[in-house]
J.: 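Below you will find the structure I want to go over with you.
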Number of protein chains: 2
Amino acid sequence: MTTQSWLSQLKAHGYRLTNARKAVVEIVATTTSALNPLQVYEAAKSTYQGLGLVSVYRTLEKLEELELIQRVHLPDGCNAYLPQADGHQHLLICEGCGKAEYFEGDNMEALFSKVAGKHGFSIHEHWLQLFGVCSQCELAASG
Amino acid sequence: MTTQSWLSQLKAHGYRLTNARKAVVEIVATTTSALNPLQVYEAAKSTYQGLGLVSVYRTLEKLEELELIQRVHLPDGCNAYLPQADGHQHLLICEGCGKAEYFEGDNMEALFSKVAGKHGFSIHEHWLQLFGVCSQCELAASG
DNA sequence: TTATAATTGAAAACTATTATCAATAAGGAC
DNA sequence: GTCCTTATTGATAATAGTTTTCAATTATAA
Ligand SMILES: [Mn+2]
Ligand SMILES: [Mn+2]
Ligand SMILES: [Zn+2]
Ligand SMILES: [Zn+2]
């Protein structure tokens, strides 16, 4: 289970397993939509009542260092986090419910070399995100 | 000239042409790299000494409403602005000097329909940004 | 069980952005 | 040009989000 594996990795890196960290990891490791620190705090507090918002920030920072989560930029905020994808993947995000899914298999090398040549840049990295509506939200809207 | 055209558009929408607005427009309309409010403020102050940071925020807000500028998300900040592209274009950004250029002609319909089918989403929008090094920075690094 | 040091939450500090407000000045009427 | 109206201004205060500080707590190894 992801939660346990993340806790093991924290431990393996010398971090102690505290109630605050367990509660935060439990939320972030299993979320299907990107969450900001306040959203994590509110969700995790129902598991561990004594949790402080500061510990959420601190734990997110560590999870990001360990590359277990990644920051996601959205139209209405740029500090939301999601479990990190394996390898090079891109995001597909539902504008209705916020559900985020990764996809891979973009093949944009041709585009990149065309643009690189035309503009005289050498390209190192790219961001690609798709926004749309998931089937569940589609149904909810039409039903 | 872009600066004049932007000022005309502000005027056409009933906004008065003030020193503060002129100074901000002059900077933002001619920049080649995305600037955040503080950067605009500092650059524009050399034109109009009395400028207040608040007026930069207010002017940027209006320019965005008039679709003369657009917000750009970067790895180290999400509140930078650039003159808006004509039609649907994407960004190519230099990691060295911040120079931003637009490009068009991505053809990603095949990718979109593949992803849409596989994930059961209907796709409405996409973000694509390329990061790299421009020829000038390349030279500076090697020379 | 005990000792140690990492971790905690509360509070204070900081930063970026927005709202308030009296003074100013742009632009239309004359 | 002068006058009038009111949009706009910059200073200031307020707010929101995030980080730092710090004494108390607690996870962990001895
Ligand atoms: Mn890719
Ligand atoms: Mn496109
Ligand atoms: Zn949805
Ligand atoms: Zn460059």
Side-chain angles (χ1 to χ4, degrees), chain A residues 3-4 6-28 34-66 69 71-81, chain B residues 3-4 6-28 34-66 69 71-81:
Chain A
T3 304
Q4 287 312 317
W6 288 24
L7 292 175
S8 303
Q9 293 201 52
L10 280 170
K11 181 133 206 200
H13 282 79
Y15 295 119
R16 294 182 179 175
L17 262 37
T18 66
N19 288 334
R21 285 176 182 158
K22 285 181 207 163
V24 169
V25 166
E26 185 178 335
I27 296 302
V28 183
L35 302 175
N36 65 35
L38 192 61
Q39 291 171 317
V40 172
Y41 173 64
E42 275 157 7
K45 220 166 30 166
S46 63
T47 299
Y48 169 49
Q49 177 62 29
L51 182 66
L53 177 57
V54 204
S55 288
V56 174
Y57 278 96
R58 290 189 280 224
T59 304
L60 290 175
E61 193 181 345
K62 285 180 178 58
L63 294 175
E64 194 176 19
E65 279 168 18
L66 298 184
I69 60 173
R71 185 152 79 109
V72 176
H73 300 255
L74 299 173
D76 64 335
C78 304
N79 288 296
Y81 292 87
Chain B
T3 305
Q4 288 310 315
W6 288 25
L7 292 175
S8 303
Q9 292 201 52
L10 280 169
K11 181 134 206 198
H13 281 79
Y15 296 118
R16 295 180 180 177
L17 262 38
T18 65
N19 287 335
R21 285 177 184 158
K22 286 180 207 163
V24 168
V25 166
E26 186 179 335
I27 295 302
V28 183
L35 302 175
N36 65 35
L38 193 61
Q39 291 171 316
V40 172
Y41 172 64
E42 274 158 6
K45 219 166 31 167
S46 62
T47 300
Y48 170 48
Q49 177 62 31
L51 183 64
L53 176 58
V54 202
S55 288
V56 174
Y57 277 97
R58 291 189 280 225
T59 304
L60 290 175
E61 193 180 344
K62 285 179 179 56
L63 294 176
E64 194 176 19
E65 277 168 19
L66 298 183
I69 61 174
R71 185 152 79 109
V72 176
H73 299 254
L74 299 173
D76 63 335
C78 303
N79 288 296
Y81 292 87

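Bear in mind the structure is a predicted one, so any value in this text is a computation, not a measurement. Below, chains carry the letters A, B, ... as their sequence lines are ordered, and counting in each starts from 1.
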J.: Any protein N or O atoms within reach of nucleotides 18-25 of chain C? Criterion: under 3.5 Å, listing atom names and distances.
T.:
none

J.: Whole angstrom is fine here: how far is it from OH in A/Tyr41 over to P in C/dT8?
T.: 14 Å

J.: Is there side-chain contact between A/Tyr41 and A/Asn36, with at least one heavy-atom pair below 4.5 Å?
T.: no

J.: What is the distance from atom CG of A/Leu51 to atom CG of A/Asn19, rounded to the nearest 0.5 Å?
T.: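 Atom-to-atom, A/Leu51:CG and A/Asn19:CG are 9.5 Å apart.
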
J.: Just how far, in rounded Å, is C1' of D/dA16 from CG of B/Asn79?
T.: 14 Å

J.: Taking atom P of C/dA10 as reference, at what distance in whole Å does atom NZ of A/Lys45 sit?
T.: 9 Å

J.: Round to a whole Å and report the spacing from CG of A/Asp76 to P of D/dG17.
T.: 13 Å

J.: Applying a 4.0 Å non-hydrogen cut-off, can you work out what A/Tyr48 is touching in the nucleic acid: base, sugar-phosphate, or nothing?
T.: sugar-phosphate

J.: Specify the separation, in whole Å, of atom CD of A/Gln39 and atom P of D/dG17.
T.: 11 Å

J.: Between B/Lys11 and B/Tyr15, is there a side-chain donor-acceptor contact under 3.5 Å, judged purely by atom types and distance?
T.: no

J.: Just how far is it from atom CG of A/Leu53 to atom CZ of A/Arg58, taken to the nearest 0.5 Å?
T.: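 Those atoms lie 10.0 Å apart.
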
J.: Which atoms form the tightest heavy-atom contact between B/Cys78 and B/His73, and what is the distance?
T.: CB-ND1, 3.6 Å

J.: In whole Å, I'd like the distance from the NZ atom of B/Lys22 to the P atom of C/dG27.
T.: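 Spelled out: NZ on B/Lys22 to P on C/dG27 is 7 Å.
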
J.: The side chain of B/Pro37 is closest to which nucleotide in this list: C/dT17, D/dT28, D/dT18?
T.: C/dT17

J.: Check B/Arg21 against B/Leu7 and note the closest heavy-atom contact, atom names and distance.
T.: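 That closest heavy-atom pairing would be O-CD2, 4.5 Å.
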
J.: Does a side-chain heavy-atom distance below 4.5 Å link A/Lys22 with A/Tyr48?
T.: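 A/Lys22 does not reach A/Tyr48 side chain to side chain.
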
J.: Check the distance between D/dG10's C1' and B/Gln49's CD and give it to me in whole angstrom.
T.: 13 Å

J.: Is the phosphate of D/dT9 approached by B/Thr18 (side-chain N or O, under 4.0 Å from OP1 or OP2)?
T.: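 For D/dT9, OP1/OP2 do have a side-chain N/O of B/Thr18 under 4.0 Å.
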
J.: With a 4.0 Å cut-off on heavy atoms, is A/Leu38 in touch with a base, just the backbone sugar-phosphate, or nothing at all?
T.: nothing

J.: Consider the side chain of B/Arg21, meaning its heavy atoms from C-beta on, and name the nucleotide among D/dT9, C/dG27, C/dG9 that approaches it most closely.
T.: D/dT9

J.: Between D/dA29 atom C1' and A/Lys11 atom NZ, what is the distance in whole Å?
T.: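 So the NZ-C1' distance, A/Lys11 to D/dA29, works out to 10 Å.
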
